[in-house]
Amino acid sequence: FLLLLFVIVSGIVIASSRYVAQRQRVIGRLSAQDSAGALANSGSLRVQAVNNGWAKLTNMIESAGIPLLDTDTSKLRKKLLAAGFDSPNAPKLYTLIRLVLIFALPLILVLPQFFNDEPPSLITLYAEGAGLALMGLFLPSLFLTAKADRRSEDMTNGFPDSLDLMLVCVEAGMGLEGALDRVGREMVVSHPLIARLVSQTMLELRAGASREEALRSMAGRSGVDEIRAFSTLLIQSDKLGSSIATTLRIYASEMREKRRMRAEEKAHRLPVLLSIPLVACMLPVMIGVLMLPAMIRVIREVAPAMAGGG
């Protein structure tokens with residue numbers, strides 16, 4: 001009976017796992033075959049509803065007489081674009097989050113101290129509140145900087161693969177627009193940031209923008225020096241009438257070489273980075289293991305002799 005029960009349960013588990021795996025493969029193929037237009041949009045209806053909700057909130061706050069935008073928002077908008085926030089309401093939300101954190105952090109962490117048996121002094125409350133307010137002021141900026149760096153690193157590492165695919169498409173007879181469209185469709189799973197960037201460029205070309213305008217817009221949205229150089233190179237090749245395939249082949253080779261050099265640089269930094277935990281964690285343990293027998297011998301032999309001699 002137990003053997004029969006084991007066979008039945010094993011069969012159910014194997015069949016369920018095969019069904020789930022097959023379903024995941026089908027979902028993966030469907031998501032990979034989505035159109036580039038769906039990728040360049042803001043996503044699903046739920047994401048659009050959330051964006052509309054934040055937009056209504058910021059509009060209500062501004063209608064109450066609290067401005068959420070500075071006179072010069074170009075630098076802030078560029079910083080948000082580099083971090084991947086391309087919504088028109090992103091600067092307002094950023095300012096709103098900073099204002100909320102400036103007042104929320106001191107209130108959350110300072111107000112409970114009044115319920116203690118011995119309330120703190122005013123100087124202590126002032127110092128803690130000022131420090132927490134400054135933390136709330138600079139935390140969103142640090143978050144944006146970290147997100148922009150991570151996004152830039154992901155795009156830099158994935159861009160050589162997209163160049164190789166674009167080169168294959170161009171050498172197969174496609175034009176630049178067709179190659180961009182194909183790259184935007186094929187890189188959805190492996191490098192979604194590159195696919196989104198290329199798909200937006202393709203939509204701008206379909207909307208009637210010139211090739212130079214679309215490529216410059218792609219360089220501005222990316223915030224990556226390699227993509228800026230690539231856009232400038234394509235614009236110059238288009239103006240001078242040189243071969244795009246040759247340009248892509250040379251630049252793709254350079255990008256692969258740069259990626260290999262970055263990997264080697266990280267590999268060469270590993271011994272230096274590993275020395276810190278080795279010294280901090282393993283060296284005290286090794287010293288203790290080596291010195292412990294000598295300390296035991298001293299306690300057993302030398303200490304009684306010194307006590308007897310005294």
Side-chain angles (χ1 to χ4, degrees), residues 32 36 39-40 78-86 142-172 174-202 204-205 211-275:
L39 179 68
K78 288 180 181 179
K79 191 174 182 179
L80 291 170
L81 285 175
F85 300 104
D86 53 356
L142 294 177
F143 172 76
L144 279 184
T145 303
K147 189 172 180 61
D149 293 340
R150 186 167 58 251
R151 180 173 178 269
S152 176
E153 184 179 359
D154 293 340
M155 295 183 72
T156 303
N157 292 331
F159 194 61
D161 298 334
S162 64
L163 284 180
D164 293 335
L165 180 58
M166 194 180 302
L167 175 61
V168 172
C169 294
V170 171
E171 289 183 343
M174 290 185 179
L176 182 60
E177 289 80 4
L180 290 175
D181 186 25
R182 191 66 180 177
V183 169
R185 294 173 183 272
E186 294 292 337
M187 306 292 288
V188 175
V189 179
S190 58
H191 301 290
L193 293 176
I194 298 294
R196 182 182 178 86
L197 182 67
V198 174
S199 299
Q200 288 179 351
T201 305
M202 188 61 203
E204 290 180 359
L205 290 172
R211 186 177 293 182
E212 181 178 356
E213 293 175 355
L215 290 174
R216 292 192 184 279
S217 179
M218 181 180 70
R221 287 194 305 269
S222 66
V224 180
D225 295 335
E226 285 80 0
I227 299 180
R228 291 195 189 99
F230 169 73
S231 301
T232 305
L233 193 63
L234 283 184
I235 292 171
Q236 292 177 355
S237 299
D238 190 21
K239 288 183 178 180
L240 298 176
S242 59
S243 175
I244 297 180
T246 305
T247 303
L248 288 174
R249 186 181 299 107
I250 295 174
Y251 196 73
S253 177
E254 292 180 357
M255 288 290 293
R256 285 195 302 270
E257 183 67 21
K258 287 182 179 180
R259 185 170 62 179
R260 186 183 64 82
M261 292 176 65
R262 285 194 301 268
E264 290 180 355
E265 181 182 356
K266 289 183 179 181
H268 292 160
R269 285 189 307 185
L270 283 178
V272 180
L273 297 176
L274 287 175
S275 63

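Values in this document were obtained by computation on a predicted structure and should not be read as measured data. Index from 1, following the sequence.
Residue Leu163 holds its CG atom at 11.5 Å from OG1 of Thr247, rounded to the nearest 0.5 Å. Note: Arg196 CZ to Leu193 CG = 9.0 Å, rounded to the nearest 0.5 Å. A distance of 12.5 Å separates CD of Glu171 from CD1 of Ile244, quoted to the nearest 0.5 Å. Taking CZ from Arg185 and CG from Leu180, the interatomic distance works out to 12.5 Å, rounded to the nearest 0.5 Å. In this structure, the separation between CG on Leu248 and CG on Leu234 is 6.0 Å, given to the nearest 0.5 Å.
Side-chain atoms of Met202 and Val198, non-hydrogen and from C-beta on, never get closer than 4.5 Å to each other. Under the 4.5 Å side-chain criterion, counting only non-hydrogen atoms from C-beta, Met166 is in contact with Phe230. At a threshold of 4.5 Å between non-hydrogen side-chain atoms, the residues Glu204 and Met218 do not count as touching. Proximity of Leu144 to Lys147: side-chain heavy atoms (C-beta onward) are nowhere separated by under 4.5 Å. Under the 4.5 Å side-chain criterion, counting only non-hydrogen atoms from C-beta, Glu226 is not in contact with Met155.
Salt-bridge annotation for Arg216 and Glu213: absent, with no side-chain N of the basic residue lying under 4.0 Å from a carboxylate O of the acidic one. Electrostatic pairing of Glu254 and Lys258 does not count as a salt bridge here, judged by no charged N lying under 4.0 Å from a carboxylate O.
For the salt bridge (Lys or Arg N to Asp or Glu O under 4.0 Å) condition, the pairs that include at least one residue of residues 150-164, sequence neighbours left out, are Glu153-Lys266, Asp161-Arg259, Asp164-Arg256.
Distance alone, capped at 3.5 Å, is enough to place a donor-acceptor pair between the Ser222 side chain and the Ala219 backbone. Side chain of Ser231 to backbone of Ile227: a donor-acceptor contact under 3.5 angstrom is found. Judged purely by atom type and a 3.5 angstrom limit, Ser237 uses its side chain to pair as donor or acceptor with the backbone of Leu233.
Counting only N and O atoms by type, the side chains of Arg221 and Ser217 include a donor and acceptor under 3.5 Å apart.
Looking at residues two or more places apart in sequence or on another chain, you find a side-chain hydrogen bond (donor to acceptor under 3.5 Å, both in side chains) between Glu177 and Arg211.
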